[in-house]
Number of protein chains: 2
Amino acid sequence: MGRTPPHPEVPQFDLQRILEALVDPVRRSIVTQLEAAGEDIKCGDFDMQVSKSTATHHFKVLREAGLIRQYYVGTSRMNALRRAEMDEAFPGLLDALTTPQARGVGLAVSTRSTL
Amino acid sequence: MGRTPPHPEVPQFDLQRILEALVDPVRRSIVTQLEAAGEDIKCGDFDMQVSKSTATHHFKVLREAGLIRQYYVGTSRMNALRRAEMDEAFPGLLDALTTPQARGVGLAVSTRSTL
DNA sequence: ATCGAAGTTTGACAGCCATCGTACTTTTGC
DNA sequence: GCAAAAGTACGATGGCTGTCAAACTTCGAT
């Protein structure tokens, strides 16, 4: 498969895009799980209730916003939270969203299209 | 007109709702302007390029998320940023969004429906 | 070589919501 | 009272995007 997908660098980080990525509960849950785990996680090892194709879509959005870095290990794709770089670009943002209060809610299903 | 519109209290604050409010550039701009001004601002005195009815909609979303408090003064509606209460519910969130980096971009037109 | 596991791509679909114009309500000022 | 000012309410509209299924691609193991 395609080697490593494109990742933006810190100077390219865009708040609007980052917020659009973080506003989705499924995606925020991915970030929260990475933060809690403290280590990289394979796409398939996340706890989420969407189809594989939808999951792929969410990972792509997070990656293009700069929130995660993806790389292959065999057939598995690993996901790493770009903590330090995010903190450099927007200090306090991830902290505010991984707070106890913040984790309290919103880990459920996505808001749009329950279908 | 209707006296004072409904406002949620701190315990009712919901991160999902708050993020949905803050993800829109027009609304984030309203918050930024309030933060910068340091004082309450009339609906009509904000710098924004949307129709009056659209503006009303945005103020309503911000109010229902708990980000602003609205009250009448004559025919004008005043808007106050609920800074302290937001900080209490989600410490660091507003700070992260009113940072220099954060203010750098996204003060333009809304992303959806340029129409 | 073959098969299975893990993701990706593509296309279709549905719902949300930002936007606007018009009509309406309230309050102030004359 | 009347008119203007300031918002609100109500549809209507259109685009964005989250969702899925199905077909495809890669890599690893047998």
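Each chain gets a letter, A, B and so on, in the order its sequence line appears, and its residues count up from 1.
- With distances taken from any side-chain atom of S76(B) to the nucleotides dC27(D), dA6(D), dC20(D), the minimum falls on dA6(D).
- Proximity of H58(B) to I30(B): side-chain heavy atoms (C-beta onward) are separated by under 4.5 Å at one or more points.
- The nucleotide whose nearest atom lies closest to any side-chain atom of T75(B) is, among dT19(D), dG18(D), dA5(D), dA5(D).
- The T56(B) side chain lies nearest to dG7(D) when the options are dG18(D), dG7(D), dT19(D).
- Put simply, the side chain of S53(B) and the base of dG21(C) share a donor and an acceptor less than 3.5 Å apart.
- Proximity of L19(B) to R28(A): side-chain heavy atoms (C-beta onward) are separated by under 4.5 Å at one or more points.
- Rounded to an integer number of Å, the gap from NE2 of H58(B) to P of dA6(D) is 20 Å.
- The side chain of H57(A) lies closest to dG18(D), out of dT19(C), dC20(D), dG18(D).
- Screening residues 40-54 of chain A for salt bridge (Lys or Arg N to Asp or Glu O under 4.0 Å) gives no qualifying pairs among residues at least two apart or on separate chains.
- Of the two residues near DNA chain D, V73(A) and T54(A), the one whose nearest nucleotide lies more 5' is T54(A).
- For R63(A), the side chain to side chain donor-acceptor pair (under 3.5 Å) partners at least two apart in sequence or on another chain are Q70(A).
- Comparing G74(A) and R27(A) by the nucleotide of DNA chain D that holds the closest heavy atom to each, the one mapping nearer the 5' end is R27(A).
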